[in-house]
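For clarity, every value in this text was computed on a predicted model and none was experimentally measured. Just so you know, these numbers use all the heavy atoms, side chains as well, and skip hydrogens, waters and symmetry mates. Every chain is numbered from 1, with letters handed out A, B, ... down the list of sequences.
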Amino acid sequence: MGLIAQLQSGIQNALEALYQLDASASQLVLSPTRKEFSGDFTLVVFPFTKAAKKKPEDIANDIGNHLKSNESLVKDFNVIKGFLNLEIDPSYWVEFLKQESTNKSFGHLEKNGQKVMVEFCSPNTNKPLHLGHIRNILLGWSCAKILDQAGYEVIKTQIINDRGIHICKSMVAWMETGEGSTPESSGLKGDHFVGKYYVAYNTLERAEKDKMTAAGEEGDAPILKKARALLKKWEDQDPEVRAIWEKMNGWVYDGFDQTFDALGVSFDKLYYESDTYLLGKKYVDQGLESGLFFKKEDGSVWIDLEDAGMDQKIVLRADGTSVYMTQDIGTAQSRYEDYKMDKLVYVVGDEQNYHFKVLFEIMKRFKANYSDGLFHLSYGMVDLPTGKMKSREGTVVDADDLIKDVIREATSNANERGTLVEANDAEQSDIFRRIGLGALKYFILKVNPKKRMTFDPKESVDLHGNTGPYIQNAYVRIKSVLRKAAESPFEASFDNYKMEALELELLKQLFQFPEVVKGAAEAYDPSSVANYCYELAKNYHRFYHDHSILKVEEAVTKKFRLTLSEMVAYVLASGMNLLGVEMPEKM
RNA sequence: GGUCCUGUAGCUCAGCUGGAUAGAGCAGCUCACUUCUAAUGAGCAGGCCCCAGGUUCGAAUCCUGGCGGGAUCACCA
């Protein structure tokens with residue numbers, strides 16, 4: 001039984017013995033004692049005043065005394081107002097360190113036999129990735145890591161939006177103005193190359209439209225008509241068009257792969273919309289048969305969700321073609337056929353909240369096996385200090401540029417400090433990469449996903465304060481001490497060690513880690529892990545500042561502090577790994 | 001207009017399943033490197049937790065109603 005559960009059952013026994021009260025564990029608010037009071041865990045006794053018919057202070061004292069004499073864990077207690085502060089026998093914490101410091105799977109929850117699929121990134125293939133995708137990718141990746149560590153089997157996937165009018169626009173522009181150029185011939189990364197033609201298309205269309213307006217003509221620009229014709233040919237499987245489409249998409253995928261590599265992310269399975277966009281139709285037929293859907297006079301198919309507080313929603317056009325919802329129904333079902341997952345998480349921006357609310361309701365009515373496990377990890381838009389990112393105004397922050405910038409910043413910062421002279425170039429650039437990306441990833445993931453966030457490029461590469469590098473630095477400090485310690489090995493046991501306040505605090509924090517992982521997995525929220533890592537690093541920095549490790553005389557103290565440090569390093573690395581952040585050994 | 005999200009220090013954010021005197025970082029001002037790395041630590045200053053009611057022994061946290069910001073209410077994806 002865990003410590004908390006043991007305390008709770010002790011308190012239950014106390015309440016039963018003292019007041020014949022039958023309290024459920026959930027009624028027992030047992031929280032870590034606030035720093036300004038002494039004790040380890042605090043029980044709030046106000047809820048029992050009515051049933052026990054006593055003053056809060058008396059109840060707290062009664063329970064405290066009962067626990068002290070019946071629970072060996074509880075060494076002492078104090079009462080302030082209605083708060084019972086319990087002090088755990090310090091040997092418990094020392095024993096905890098002894099046990100868990102060698103546990104290579106500390107913070108890994110037991111396998112629960114469930115499968116979860118996480119969809120994230122899901123780009124269009126007509127332009128490069130930008131800052132918004134980065135938030136999406138980091139959230140999805142981190143979420144997948146957290147779920148994996150919380151005991152799930154995780155399948156990472158994305159749906160690639162590789163068809164539609166926007167792709168055809170890039171194609172038209174390239175066919176008209178590209179003159180056979182390629183990413184190689186132009187020295188551009190594939191996705192940027194194709195993106196260039198998407199921009200070119202928009203410029204062309206606007207120019208044509210302006211000319212038409214000036215001439216008093218109405219209607220669509222000729223180039224738009226060409227793009228539409230291309231889409232029609234694509235849908236009719238025209239081999240020539242398909243070949244160009246495949247070639248251009250191939251360039252884009254090459255480019256994306258480089259960005260994914262740079263970010264250190266990967267996927268287990270890719271779904272392409274060109275394969276899936278027709279999948280939903282058979283479910284429309286099923287829905288019609290079962291009466292879930294209904295047909296309007298024009299032949300379009302709808303579902304009525306008004307009894308669930310939503311509107312009517314179209315699921316098939318009158319001409320029999322799919323809409324977004326049709327595709328998502330089909331894709332979800334086909335994923336289930338592929339993987340039989342228990343849960344399905346979509347990492348998609350919050351502008352699609354309503355879409356997913358409707359989709360999940362439909363899947364529930366379809367009685368899909370995984371419908372209780374559907375979750376939309378919705379995140380807010382990323383703003384710049386100057387306002388919204390707008391592609392028309394050229395204020396979009398490109399993903400590749402951003403990655404380069406943060407690494408460059410980490411590099412120049414480190415060179416200024418000049419502490420890495422002994423490392424060779426390859427080592428150095430790897431360290432700078434870890435620091436730069438650590439800064440970027442932490443900066444984005446520390447914010448609660450639901451919140452719209454402001455991204456200040458200057459602040460994102462800041463290496464002081466509540467940042468990724470600050471946490472990495474705590475790890476590096478430990479590693480440096482451990483390296484030095486390894487030079488003169490010694491044996492000692494710290495069984496009877498008497499801890500300093502900061503040491504106890506660090507241990508209690510380490511103790512929390514599995515709970516943090518569990519909570520983050522339940523809430524699909526990496527920011528709680530980020531904040532935990534920060535608090536742990538902060539306490540370690542303070543400990544490191546106040547207490548020597550290698551310079552203390554007593555072998556017992558030295559051993560304890562080394563072991564404690566080692567475990568802090570392990571948990572920091574493990575926690576940051578959940579955010580997709582790699583730790584440098586030196587910095 | 002309906003629905004959903006959001007509002008905490010000058011700025012960026014924690015805390016929100018109700019608990020003790022609301023916390024960090026940045027920016028500003030002090031101080032501490034002959035040290036296991038100062039990418040650090042200690043301190044000062046900075047708050048009608050958007051407003052008004054309600055529930056409660058207790059509200060930043062829950063409820064109601066406002067106000068500000070955002071999204072959405074497409075046969076685009």
Side-chain angles (χ1 to χ4, degrees), chain A residues 26 29 31 33-34 36-37 42 44-47 49-50 56 80-83 85 122 124 159 161 163-166 273 277 298 300-302 309-311 313-319 321-328 348-355 357-358 378 380-381 383 385 388 410 413-414 416-417 419-420 435 439 443 446-448 450-456 458-460 462-474 476-478 480-485 523 527-528 530-531 534-535 537-538 540-552 561-562 565 586-587:
Chain A
S26 61
V29 184
S31 48
T33 301
R34 296 185 58 138
E36 53 271 39
F37 304 98
T42 297
V44 182
V45 302
F46 287 104
T49 48
K50 244 180 212 157
I80 296 163
K81 293 195 268 184
F83 299 91
N85 299 320
S122 305
N124 288 350
I159 177 108
N161 185 3
R163 61 166 278 280
I165 189 72
H166 48 286
E273 207 191 288
Y277 81 113
D298 64 356
S300 57
V301 181
W302 296 70
M310 288 172 254
D311 298 321
K313 189 82 193 174
I314 189 161
V315 292
L316 199 68
R317 294 190 188 98
D319 64 4
T321 56
S322 299
V323 291
Y324 183 29
M325 193 60 73
T326 332
Q327 291 179 41
D328 267 3
V348 180
D350 63 6
E351 67 276 8
Q352 293 195 37
N353 284 355
Y354 185 68
H355 171 78
K357 203 176 154 194
V358 171
S378 160
M381 194 173 282
D383 288 321
K388 262 192 188 182
N413 201 285
E416 252 172 58
R417 290 165 35 81
T419 50
L420 282 171
I435 296 172
F443 184 85
K446 75 176 173 182
V447 179
N448 186 322
K450 263 202 303 198
K451 284 193 171 177
R452 203 183 169 99
M453 70 175 288
T454 305
F455 183 88
D456 187 337
K458 261 190 286 180
E459 236 180 273
S460 72
D462 200 334
L463 313 174
H464 304 274
N466 186 354
T467 65
Y470 172 91
I471 299 165
Q472 289 173 323
N473 184 231
V476 164
R477 283 179 141 180
I478 295 170
S480 168
V481 171
L482 293 177
R483 273 196 301 272
K484 206 153 268 184
S527 70
S528 54
N531 285 302
Y534 173 64
E535 294 297 331
K538 197 158 71 146
Y540 189 81
H541 276 307
R542 198 175 319 169
F543 162 74
Y544 181 93
H545 183 268
D546 289 359
H547 302 289
S548 293
I549 298 168
L550 296 177
K551 292 189 176 167
V552 289
R561 290 184 179 167
L562 280 169
S565 297
K586 299 173 184 172
M587 65 195 284

Original post:
For A:S322, does its backbone N or O pair with a side-chain atom of A:R317 as donor and acceptor, under 3.5 Å?
Top reply: yes
Original post:
So what does A:V44 hit on the nucleic acid, given a heavy-atom distance under 4.0 Å: a base, only sugar-phosphate, or nothing?
Top reply: base
Original post:
Would you say the side chain of A:S527 and the base of B:A14 hold a donor-acceptor pair, judged only by whether the two atoms sit under 3.5 Å apart?
Top reply: no
Original post:
Do A:T467 and A:D462 meet the criterion of a side-chain donor-acceptor pair at a distance under 3.5 Å?
Top reply: no
**OP:** Quickly work out the A:L463 CG to B:C26 P distance and round it to whole Å.
**Re:** 12 Å
Original post:
How does protein contact run along nucleotides 71-77 of chain B, one letter per nucleotide 5' to 3', with B for base contact, S for sugar-phosphate only, - for none, heavy atoms under 4.0 Å?
Top reply: SSS-BSB
Subject >> d(CZ, A:F443; P, B:C11) in whole Å >> reply: 15 Å
Original post:
Is any side-chain N or O of A:S480 closer than 4.0 Å to OP1 or OP2 of B:U37?
Top reply: yes
Original post:
Which listed nucleotide (B:C36, B:A20, B:U40) is nearest to the side chain of A:H464?
Top reply: B:U40
Original post:
Closest nucleotide of RNA chain B for A:R483 versus for A:N531: which of these residues is on the 5' side?
Top reply: A:N531
Original post:
Rounded to the nearest 0.5 Å, how far does OH of A:Y277 lie from CG of A:D328?
Top reply: 15.5 Å
Original post:
At what distance, to the nearest 0.5 angstrom, does CG of A:N531 lie from CG of A:N448?
Top reply: 9.5 Å
Original post:
Side chains of A:T42 and A:N85: do they bring a donor and an acceptor to under 3.5 Å?
Top reply: yes
Original post:
Tell me: CZ of A:R34 to C1' of B:A20, nearest whole Å?
Top reply: 6 Å
Original post:
Hey, does A:I435 reach any base, or is it just sugar-phosphate, or nothing, if we go heavy atoms under 4.0 Å?
Top reply: base
Subject >> Pairing partner of B:G18 (Watson-Crick or G-U wobble, both distances under 3.5 Å) >> reply: none
Subject >> Spacing of A:E535 atom CD and A:N466 atom CG [to the nearest 0.5 Å] >> reply: 8.0 Å
Original post:
From the list B:G19, B:U35, B:G41, which nucleotide is the closest neighbour of the side chain of A:P47?
Top reply: B:G19
Original post:
How far does the P atom of B:G10 sit from the matching atom of B:U56, given to the nearest Å?
Top reply: 35 Å
Subject >> Donor-acceptor under 3.5 Å (A:S565 side chain, A:R561 main chain) >> reply: yes
Original post:
If you measure from the P atom in B:G2 to the same atom in B:U8, how many Å do you get, rounded?
Top reply: 25 Å
Original post:
For the side chain of A:V447, counting heavy atoms from C-beta on, which of B:G19, B:A14, B:A20 is nearest?
Top reply: B:A14
Subject >> Nearest-angstrom distance from the residue atom CG of A:N448 to P of B:G70 >> reply: 20 Å
**OP:** Determine: side-chain N/O of A:R477 to OP1/OP2 of B:U40, distance under 4.0 Å, yes or no.
**Re:** no
Subject >> Nearest-angstrom distance, P atom, B:U6 to B:G43 >> reply: 34 Å
Original post:
Quantified in whole Å, what is the C1' atom distance between nucleotide B:A38 and nucleotide B:U34?
Top reply: 14 Å
Original post:
Does A:R477 count as lying over the ring of A:Y540, i.e. NZ or CZ under 6.0 Å from the six-ring centre, within 45 degrees of the axis?
Top reply: no
Original post:
C1' atom, B:C31 versus B:C50: distance in rounded Å?
Top reply: 38 Å
**OP:** Hunt down the Watson-Crick or G-U wobble partner of B:G65, both distances under 3.5 Å, from any strand shown, or write none.
**Re:** B:C51
Original post:
Can you list the steps and then say if A:H541 with A:N473 is a side-chain contact (heavy atoms from CB on, under 4.5 Å)?
Top reply: CA-CA 9 Å; A:H541 276 307; A:N473 184 231; 3.3 Å; yes
Subject >> Sugar-phosphate, base or nothing in reach of A:T454, heavy atoms under 4.0 Å >> reply: sugar-phosphate
**OP:** Kindly point out which of B:U35, B:C57, B:A20 is positioned nearest to the side chain of A:F83?
**Re:** B:A20
Original post:
Taking CE from A:M587 and C1' from B:A38, how many angstroms apart are they, rounded to a whole number?
Top reply: 12 Å
Original post:
NA contact type, A:D383, heavy-atom cut-off 4.0 Å: base, sugar-phosphate, or nothing?
Top reply: nothing
Original post:
Looking across every strand, which nucleic acid part, if any, lies under 4.0 Å from A:Y470 by heavy atom: base, sugar-phosphate, or nothing?
Top reply: sugar-phosphate
Original post:
When you compare B:A22 with B:G47, how far apart are their P atoms, in angstrom units rounded to a whole number?
Top reply: 13 Å
Original post:
Counting any heavy atom closer than 4.0 Å, what does A:A414 reach on the DNA or RNA strands: base, sugar-phosphate only, or nothing?
Top reply: base
**OP:** Between B:G46 and B:G54, how far apart are the P atoms? Round to whole Å, please.
**Re:** 32 Å
Original post:
Which of the following nucleotides, B:U37, B:C16, B:U3, is nearest to the side chain of A:K357?
Top reply: B:U3
**OP:** For A:Y534, report the nucleic acid contact type (base, sugar-phosphate, nothing); a contact means any heavy atom under 4.0 Å.
**Re:** sugar-phosphate
Subject >> Rounded C1' spacing from B:C4 to B:A45 in Å >> reply: 40 Å
**OP:** Scan A:S31 against the nucleic acid and name what it touches under 4.0 Å (heavy atoms): base, sugar-phosphate only, or nothing.
**Re:** nothing
Subject >> Residue A:K451, side-chain heavy atoms: nucleotide from B:U37, B:U8, B:A20 that is nearest >> reply: B:U8
**OP:** Once you apply the 3.5 Å cut-off to both distances, tell me the Watson-Crick or G-U wobble partner of B:C31, or none.
**Re:** B:G41
Subject >> A:N85 side chain, from C-beta outward: closest of B:C5, B:U40, B:A20 >> reply: B:A20
Subject >> A:R542 CZ to B:C36 P, straight-line distance once rounded to whole Å >> reply: 22 Å
Original post:
Counting only side-chain N and O atoms of A:K484, is one of them less than 4.0 Å from OP1 or OP2 of B:C36?
Top reply: no
Original post:
Atom NZ of A:K446 to atom P of B:U12: distance rounded to whole Å?
Top reply: 12 Å
**OP:** Fit a plane to each ring of A:H355 and A:Y324, take the angle between them on a 0 to 90° scale, and name the class: parallel (under 30°), tilted (30 to 60°) or perpendicular (over 60°).
**Re:** parallel
Original post:
Taking atom CG of A:D311 and atom OH of A:Y354, what is their separation to the nearest 0.5 Å?
Top reply: 4.0 Å
Original post:
Considering Watson-Crick and G-U wobble pairs with both distances under 3.5 Å, what does B:U3 pair with?
Top reply: B:A71
Original post:
Can you check the A:I471 CD1 to B:A24 P distance for me, whole Å?
Top reply: 16 Å
